[in-house]
Amino acid sequence: MAFDNGFGISVQWGTSNYCSAKNTSESECNYMDLVDMEMKGNSKGFRNAWESNTAEIAVFKGGVGKCDIMMNVGDNDQVIGWLTTDDVAKVIEIVSKYKTETTIKKKIKELNL
């Protein structure tokens, strides 16, 4: 998601992301089985397999429409994981509202995520 201030955010969850679905084993959540479920009309089963109570975020900079440079937002890391829905909403507000990388990093750090 890119914002008019030249910054953007990525919010992801799944078996390869830092979220509550991360520890789902491949035997529990085989991607091709999930695709097969979706193709056969079992979208509820598909959704349940990828359901997560938390998500990871990454913040990007680079100008309007060109948010392609990841910022360090965690402790020497480019992603922050295991965030609740409310935490993600707070970060989205910060990233969309402030105009400088320094301020965005400071405001995210103040959330103590």
Side-chain angles (χ1 to χ4, degrees):
M1 300 171 65
F3 302 105
D4 290 339
N5 63 355
F7 293 92
I9 188 167
S10 168
V11 180
Q12 296 190 22
W13 60 92
T15 59
S16 298
N17 302 105
Y18 296 115
C19 66
S20 59
K22 183 172 179 60
N23 294 325
T24 305
S25 70
E26 284 194 28
S27 62
E28 293 176 84
C29 189
N30 180 290
Y31 180 75
M32 290 312 294
D33 289 342
L34 293 173
V35 170
D36 191 46
M37 270 193 269
E38 181 71 2
M39 297 297 284
K40 290 179 179 172
N42 186 358
S43 59
K44 183 178 181 191
F46 182 84
R47 285 192 314 269
N48 289 345
W50 289 94
E51 196 171 277
S52 181
N53 295 323
T54 59
E56 78 173 34
I57 60 103
V59 178
F60 294 83
K61 61 181 178 177
V64 176
K66 294 186 75 179
C67 295
D68 56 0
I69 302 167
M70 288 179 77
M71 293 172 34
N72 283 333
V73 289
D75 292 327
N76 297 315
D77 203 344
Q78 293 179 320
V79 300
I80 302 173
W82 314 101
L83 298 181
T84 65
T85 305
D86 289 340
D87 291 336
V88 171
K90 290 173 188 173
V91 175
I92 289 172
E93 179 182 16
I94 289 168
V95 174
S96 67
K97 180 178 179 179
Y98 294 99
K99 309 276 188 227
T100 68
E101 181 177 351
T102 302
T103 304
I104 290 171
K105 286 181 178 181
K106 178 183 173 202
K107 293 293 184 180
I108 291 173
K109 188 173 180 92
E110 288 173 358
L111 295 175
N112 293 315
L113 304 172

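None of these values were measured; they are calculated from a predicted model.
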Counterpart residues, salt bridge (Lys or Arg N to Asp or Glu O under 4.0 Å), relative to K105 (two or more places apart) = E101
remark   = side chain to side chain donor-acceptor pair (under 3.5 Å) filter on T54, not counting sequence neighbours, yields none
query = What residues, two or more places apart in sequence or in another chain, satisfy salt bridge (Lys or Arg N to Asp or Glu O under 4.0 Å) together with K109?
reply = none
ask   = At their closest point, which heavy atom of V88 faces which heavy atom of A55, and how far apart are they?
value = CG2-CB, 4.4 Å
ask   = Can I92 and F3 be said to form a side-chain contact (heavy atoms from CB on, under 4.5 Å), step by step?
value = CA-CA 10 Å; I92 289 172; F3 302 105; 4.0 Å; yes
ask   = What residues form a side chain to side chain donor-acceptor pair (under 3.5 Å) with T100, not counting sequence neighbours?
value = T103
message = Which residues pass the side-chain contact (heavy atoms from CB on, under 4.5 Å) test with N17, not counting sequence neighbours?
response = Q12, C19, E56
inquiry  = If we check side chain to side chain contact (heavy atoms under 4.5 Å, CB included) with Y18, which of these qualifies: V79, L83, I57?
reply    = V79
task = Check S10 against F60 and note the closest heavy-atom contact, atom names and distance.
result = CB-CE1, 3.7 Å
task = Drop me the distance from M71's CE to I9's CD1, to the nearest 0.5 angstrom.
result = 10.0 Å
query = Between V73 and Q78, which heavy-atom pair has the shortest distance, and what is it?
reply = CG2-O, 3.8 Å
ask   = Does a sphere of radius 6.0 Å around CG in N53 hold more than 12 heavy atoms from other residues, nucleotides or ligands, not counting ones at 6.0 Å or beyond?
value = no
key: Validation row: I108, I80 side chains within 4.5 angstrom (heavy atoms)   = yes
request  = Mind jotting down which residue pairs meet the salt bridge (Lys or Arg N to Asp or Glu O under 4.0 Å) criterion with at least one end in residues 77-89? Sequence neighbours excluded, please.
outcome  = none
query = With Y98, which of I94, V95, T102 fulfils side chain to side chain contact (heavy atoms under 4.5 Å, CB included)?
reply = I94
